[in-house]
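Worksheet for the structure shown next.
To find a chain, count down the sequence lines: A is the first, B the second, and so on, and within it residues start at 1.
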Amino acid sequence: MPEGHLVHRYADEQHEALAGRVVSATSPQGRFDAGPYDGRVVEGVEALGKHLLYRLEGAPAIHVHLGMRGLFLRYDDPAAEPRKGTRLRLATGEAAFDLIAPARCEPMDERALAALRAATGPDPLRGDVGRTEAVQRLLAAHVPVGAAVLDQGVWSGIGNAWRAELLFLTGLDPGARDIGAEAAGRLWDAAVRYLALGRDAGQVVSDPEAPDERWVYKRERCRRCGTAVRTWTLASRTAYACPADQHLDAL
DNA sequence: AAGTAATGCATAA
DNA sequence: TATGCCTTACTTA
């Protein structure tokens, strides 16, 4: 489920609830050593692409990656029984956040943190990298645009559903190469705008008028023109595109 | 009830 | 290229 928009949503929600407060940290499942974190003050919860970083006073950061199936459950009653399989619970007196089925949940020292930041491309939901640099990074990839946007070292936070919808919105075929600065800029602008809509809505939104609809992702036919959607494998994931509305040569 | 793909990706082979 | 995460949503029986 989780692409960057949901990771940012989790980070914002948890930062709001946990930052500046003492938390109890436990691993009901037992697969994470929560001891070093229990009873400490949370300094902040941050999203970096699809990564979540927890800073707690006097302890290493916690690095969480949800992978394909990870999720959080929020309980307004912090005494609520966690479901078994809960890797990590962070709780205050008011709420508990339970981490289920993450691909990664581990302490991360400063060196590894710096390496992660260096390896992670511009995140459309963070205001810390400008449009010009984001465009340059995409153009420097020299692979099909549909492969570049899934490469978290080029841009971060975009997953397979956003790839399909953002490229549709920009009129670009995922196989397009050397798309040029203008098209790359439009793609970045779409990512910034739509991922923010998705973060706020808690789901992929590619048409604000119809937030539950998709243009091509997992569709049989293009929602705009009805042409059969083409699917193939690109960068190890299923690509979706409308042959009529998306083009190999950026206009 | 049971099987399967999936909005991800590091690691092993 | 295959596996593990060990959930959820959807399909088939």
Quickly work out the [X] [atom1] to [N] [atom2] distance and round it to whole Å.
X        : N      : atom1 : atom2 : answer
A:His51  : B:dA10 : NE2   : P     : 7 Å
A:Glu3   : C:dT8  : CD    : C1'   : 16 Å
A:Lys50  : B:dT7  : NZ    : P     : 10 Å
A:Arg163 : B:dT7  : CZ    : C1'   : 11 Å
A:Asn160 : B:dC9  : CG    : P     : 10 Å
A:Phe168 : B:dT7  : CZ    : C1'   : 19 Å
A:Lys218 : C:dT11 : NZ    : P     : 10 Å
A:Arg69  : C:dT7  : CZ    : P     : 8 Å

Under 4.0 Å: is that the gap between some side-chain N or O of [X] and OP1 or OP2 of [N]?
X        : N     : answer
A:Gln29  : C:dC6 : yes
A:Gln152 : B:dC9 : yes
A:His65  : B:dG8 : no

Spacing of the [atom1] atoms in [M] and [N] (rounded, Å):
N      : M      : atom1 : result
C:dT1  : B:dT7  : C1'   : 23 Å
C:dC6  : B:dA2  : P     : 22 Å
B:dA10 : C:dT8  : P     : 24 Å
C:dC5  : B:dA13 : P     : 14 Å

So, A:Glu133 and A:Arg137, do they make that salt bridge, N to O below 4.0 Å?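 Yes, charged N to carboxylate O under 4.0 Å.
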Measuring from the side chain of [X] (C-beta onward, heavy atoms only), which nucleotide among [options] has the closest atom?
X        : options              : result
A:Arg104 : B:dT7, B:dT11, C:dC6 : B:dT11
A:Ala161 : C:dC5, B:dT7, B:dC9  : B:dT7
A:Arg83  : B:dG8, B:dT7, C:dT8  : C:dT8
A:Arg87  : C:dC5, B:dT7, B:dG8  : C:dC5

Just to be sure I understand the rule, does A:Ala103 reach a base, reach only the sugar-phosphate, or reach nothing, if contact means heavy atoms closer than 4.0 Å?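 Here A:Ala103 touches the bases of the nucleic acid.
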Take A:Asp212 and A:Gln203, measure what side chain to side chain donor-acceptor pair (under 3.5 Å) needs, and give me the verdict at the end. CA-CA 8 Å; A:Asp212 293 332; A:Gln203 64 177 60; 3.0 Å; yes
Taking atom [atom1] of [X] and atom [atom2] of [Y], what is their separation to the nearest 0.5 Å?
X        : Y        : atom1 : atom2 : result
A:Thr86  : A:Arg31  : OG1   : CZ    : 12.5 Å
A:Cys105 : A:His65  : SG    : NE2   : 13.0 Å
A:Asp173 : A:Asp245 : CG    : CG    : 11.5 Å

